[in-house]
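Worksheet: the structure to be examined is printed underneath.
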Protein chains: 2
Amino acid sequence: MTKTDKISTEEKILDAAKKVFVEKGKAGTRMQEIADEAGINKSLLHYYYRSKEKLFSAVFKFAFKKFAPGIENVFESDKDIFEVIEIFIHSYIDLIRKNPFIPTFVLNEINKNKTSFITETIKEAGINAEKYIEFVYKNIENGIIKETDPRQLIVNIISLCIFPFAGRPVIQIIAFDNNKEEYERFLDTRKKEVTELIINSIKK
Amino acid sequence: MTKTDKISTEEKILDAAKKVFVEKGKAGTRMQEIADEAGINKSLLHYYYRSKEKLFSAVFKFAFKKFAPGIENVFESDKDIFEVIEIFIHSYIDLIRKNPFIPTFVLNEINKNKTSFITETIKEAGINAEKYIEFVYKNIENGIIKETDPRQLIVNIISLCIFPFAGRPVIQIIAFDNNKEEYERFLDTRKKEVTELIINSIKK
DNA sequence: GTCTATAAATTGATAGAC
DNA sequence: GTCTATCAATTTATAGAC
């Protein structure tokens with residue numbers, strides 16, 4: 001008996017739901033499709049998760065955790081800020097590359113679904129902005145980096161990491177003649193490009 | 001009689017459709033809601049536009065034109081590249097600020113809706129990447145800017161302009177305590193921030 | 001051109017057998 | 001726990017009166 005046989009029905013449903021919701025969005029998802037993907041009966045979805053809404057909630061929470069990197073853990077150290085930024089960019093781009101649909105899904109649902117649930121999920125993710133901001137200010141005071149707005153900096157970093165994935169179909173068509181392999185190579189060079197651009201913008 | 005009374009039913013429908021589709025997305029839009037928004041009967045939607053699909057197509061084409069700036073017009077001139085970039089960033093951020101939901105809408109539909117219609121619309125927009133690329137290379141050869149990959153450059157510019165709008169709800173909550181006015185001020189400074197970052201990255 | 005009425009298909013959710 | 005059958009509501013689309 002292989003280990004995959006041991007996956008519980010509840011897990012099978014959640015896995016299937018993640019796949020379908022992230023790919024099609026909340027409004028575009030059909031409960032039937034999740035059931036098919038999980039290889040089970042549609043009624044079981046309601047047995048384990050009362051409603052589509054509740055199933056979506058579970059998926060969104062998972063997706064948001066993937067999306068929102070633990071910046072507070074990376075930036076709290078006493079390490080070299082340039083090194084920390086490089087590690088952050090590299091690991092974040094690696095992360096998105098493994099989950100390329102997550103950014104579009106999260107951004108879209110957050111914009112369309114202005115419920116208290118979404119707001120709460122974002123807050124509950126417990127991203128500690130203060131620790132990061134302190135870290136940046138300390139490096140400014142110590143004369144290691146230029147006078148920099150920490151919020152502009154982090155928005156710059158995340159913008160540059162995410163857009164090549166969210167905007168991939170457009171960029172690939174317009175700038176790469178819809179050549180998939182060429183675009184993959186473009187993404188390869190992206191880590192270095194973004195790191196250099198950011199480091200260059202804060203170093204004295 | 002005011003001029004607004006002269007708006008044809010067809011126009012009223014398209015205006016209403018733009019509003020609802022861009023806000024709720026293709027899958028989340030209901031024909032009834034468009035009819036209500038236009039103040040007309042639901043049947044008229046089908047009279048003027050045969051189906052939801054066709055109405056969506058009209059809206060998407062409009063939205064994509066807004067989204068995809070005419071880079072070929074801006075960059076074909078013999079003007080100073082630094083000036084051209086500044087103008088491009090300023091006018092693009094101004095444009096998105098007037099249509100803040102367009103980026104999320106376009107990016108989302110492009111990723112979820114992998115039909116030939118979407119691909120064709122992107123191609124038909126007729127964005128002339130070559131003219132832009134030539135312009136950048138000319139400036140490199142003339143020693144005005146550093147050795148730069150034109151595609152990385154344009155992706156950098158657009159990333160930095162768009163993400164603060166697509167990711168607004170998250171950033172506003174995490175970094176600005178959900179304070180709308182503070183976020184508006186943040187966006188105000190964004191034009192200068194992006195321009196400086198980009199110029200700084202290409203100047204010798 | 002614009003409306004009412006309604007068809008036809010889809011879809012989230014529940015009841016009840018096993 | 002899992003399935004079949006089915007309800008009830010929604011939603012796109014059309015027919016036909018005016």
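Chain letters run A, B, ... following the sequence lines, proteins first, then strands; residues in each count from 1. Values in this document were obtained by computation on a predicted structure and should not be read as measured data.
Distance NZ (K52(A)) to P (dT14(C)): 15 Å, rounded to an integer number of Å. Atom pair K26(B):NZ and dT12(D):C1' shows a separation of 13 Å (rounding to whole Å applied). For the pair L45(B) CG and dT11(D) P, the interatomic distance rounds to 14 Å; values are reported in whole Å. If you measure from atom NZ of K54(A) to atom P of dT14(C), you get 10 Å, rounded to the nearest angstrom. Straight-line distance from the CZ atom of F56(A) to the P atom of dG12(C): 14 Å, rounded to whole Å. Per the geometry, CD belonging to Q32(A) stands 20 Å off P belonging to dT10(D), to the nearest Å. Computed from coordinates, the D36(B) CG to dT12(D) P distance equals 12 Å when rounded to whole Å.
Other residues, nucleotides and ligands contribute over 12 non-hydrogen atoms within 6.0 Å of the NZ atom of K138(A). Shown here is Y137(B), whose OH atom has no more than 12 heavy atoms of other residues, nucleotides or ligands within 6.0 Å. No more than 12 heavy atoms of other residues, nucleotides or ligands shown are found within 6.0 angstrom of NZ on K65(A). Heavy atoms from other residues, nucleotides or ligands lying under 6.0 Å from NZ of K180(B) number 12 at most.
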Please tabulate, one pair per line, each protein N/O and nucleotide N/O from nucleotides 1-3 of chain D that are separated by under 3.5 Å, including the distance.
{"unit_1": "dT2(D)", "atom_1": "OP1", "unit_2": "T9(A)", "atom_2": "OG1", "d": "2.9"}
{"unit_1": "dT2(D)", "atom_1": "OP2", "unit_2": "T9(A)", "atom_2": "OG1", "d": "3.1"}
{"unit_1": "dT2(D)", "atom_1": "OP2", "unit_2": "Y48(A)", "atom_2": "OH", "d": "2.6"}
{"unit_1": "dC3(D)", "atom_1": "OP2", "unit_2": "N41(A)", "atom_2": "N", "d": "3.1"}

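Look at D188(B) and R97(B) and you find a salt bridge, because one of the NZ, NE, NH1 or NH2 atoms lies within 4.0 Å of a carboxylate O, short of that distance. In summary, K12(A) and E37(A) do not engage in a salt bridge, as defined by a charged side-chain N under 4.0 Å from a carboxylate O. At a threshold of 4.0 Å, the pair K191(A)-D94(A) counts as salt-bridged, since one of the basic side-chain nitrogens sits closer than that to a carboxylate oxygen.
Residues F75(A) and F88(A) bring their aromatic ring centres within 6.0 Å. Between F186(B) and F176(B), the distance from one ring center to the other falls under 6.0 angstrom.
Look at R30(A) and you'll find a side-chain N or O under 4.0 angstrom from OP1 or OP2 of dG12(C). Under 4.0 angstrom from either OP1 or OP2 of dT14(D) there lies no side-chain N or O belonging to H46(B).
Contacts with DNA chain C (heavy atom under 4.0 Å) in residues 13-24 of chain A: none are found.
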